[in-house]
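What follows is a set of notes on a single structure, which appears directly below.
Not measured: the values here are computed from a predicted model. Numbering of ligands and ligand atoms starts at 1, following listing order.
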Amino acid sequence: MISIAIDGPAGAGKSTISRLAAKKLGYIYVDTGALYRAVGLKFSLLGYDASLDCDISAILSETSVDIRFVNGEQRVFLDGEDVSDNIRTPAASMMASAVSARREVREFLLEMQRRLARENNVVMDGRDIGTVVLPGASVKIYLTASAEERAGRRWRELAEKGEKITLKEVYDDIVKRDYNDMHRDIAPLKKAEDAVLADTTECTLEESVELVLKIVGERTGEN
Ligand code: DC
């Protein structure tokens, strides 16, 4: 099986770029952030905030998260319910970042991610795919862009969906999440030594997809 690991900070375009690249390659696209978002939603629904002042393991032992593919699109299920559309709010992003810093949560989600890559050719995006989840991935890419550019892209996406949020709020959110994701003790966001750095600050979406496909093609012979 071929696995393409795509890591990088929030708003670098990982999910859109990975989805399009996977489509072109005929691989499954796995958005691992959605798993952390679903777990975050569980804790929110139980009334906990980002301080997660609770017995995390006990709650996880009564939680099921799984991924199903409907018409080739990933859907995420929390306790049997499709929550794919409820996990995209700024509040859900912050909760996802909080739960993702907890060892119990990372262990809870690890095997599922590895199994998907054992059973399918995948483009998998996240923060620790090349460093922890799939250290033997066929290709590793660290996708990034400047914080200003990432905030602008994310803000336009949210504005299109009608979210009332300012560019400054989105920028501050991104800087804070970058900090959390890069400074947590376990599986922090960082470029794997053998990952190719792809900076898309100056690239259009099409150019970014082409760049990823070029890197993949050079390393696997697929294009
Ligand atoms: O990619 P995203 O914005 O949907 O991710 C949501 C949060 O989950 C993000 O703050 C970091 C975390 N995450 C992680 O720690 N490891 C992953 N493989 C994917 C996401």
Check K176 with D178, please: is the shortest side-chain N to carboxylate O separation under 4.0 Å?
no
Can you give me a line-by-line list of nitrogen or oxygen pairs between ligand 1 and the protein shorter than 3.5 Å?
from     : atom 1 : to   : atom 2 : distance (Å)
ligand 1 : 1 (O)  : R127 : NH1    : 2.9
ligand 1 : 1 (O)  : R127 : NH2    : 3.4
ligand 1 : 3 (O)  : R37  : NH2    : 3.0
ligand 1 : 3 (O)  : R127 : NH2    : 3.4
ligand 1 : 3 (O)  : R177 : NH1    : 3.1
ligand 1 : 4 (O)  : R37  : NE     : 2.6
ligand 1 : 4 (O)  : R37  : NH2    : 3.3
ligand 1 : 10 (O) : R177 : NH1    : 3.1
ligand 1 : 10 (O) : D181 : OD1    : 3.4
ligand 1 : 10 (O) : D181 : OD2    : 3.3
ligand 1 : 15 (O) : S100 : OG     : 3.4
ligand 1 : 15 (O) : R106 : NH1    : 2.8
ligand 1 : 15 (O) : R106 : NH2    : 3.4
ligand 1 : 15 (O) : R184 : NH1    : 2.8
ligand 1 : 15 (O) : R184 : NH2    : 2.9
ligand 1 : 16 (N) : R106 : NH2    : 3.0
ligand 1 : 18 (N) : T32  : OG1    : 3.0
ligand 1 : 18 (N) : R127 : N      : 3.2
ligand 1 : 18 (N) : D128 : OD1    : 3.0

CA sep, side-chain torsions, deciding dist, call: R115, E111, salt bridge (Lys or Arg N to Asp or Glu O under 4.0 Å):
CA-CA 6 Å; R115 181 172 43 75; E111 180 47 31; 5.4 Å; no
Considering the options V133, I129, V132, which one meets the side chain to side chain contact (heavy atoms under 4.5 Å, CB included) requirement together with D7?
I129
To the nearest 0.5 Å, atom CD1 of I215 lies from atom CD1 of I6 at 8.5 Å
With sequence neighbours left out, the residues meeting ring pair (Phe, Tyr, Trp, His ring centres under 6.0 Å) with Y179 are H183
Would R68 and F77 count as a cation-pi pair here, with the cationic atom under 6.0 angstrom from the ring centre and within 45° of the axis?
yes
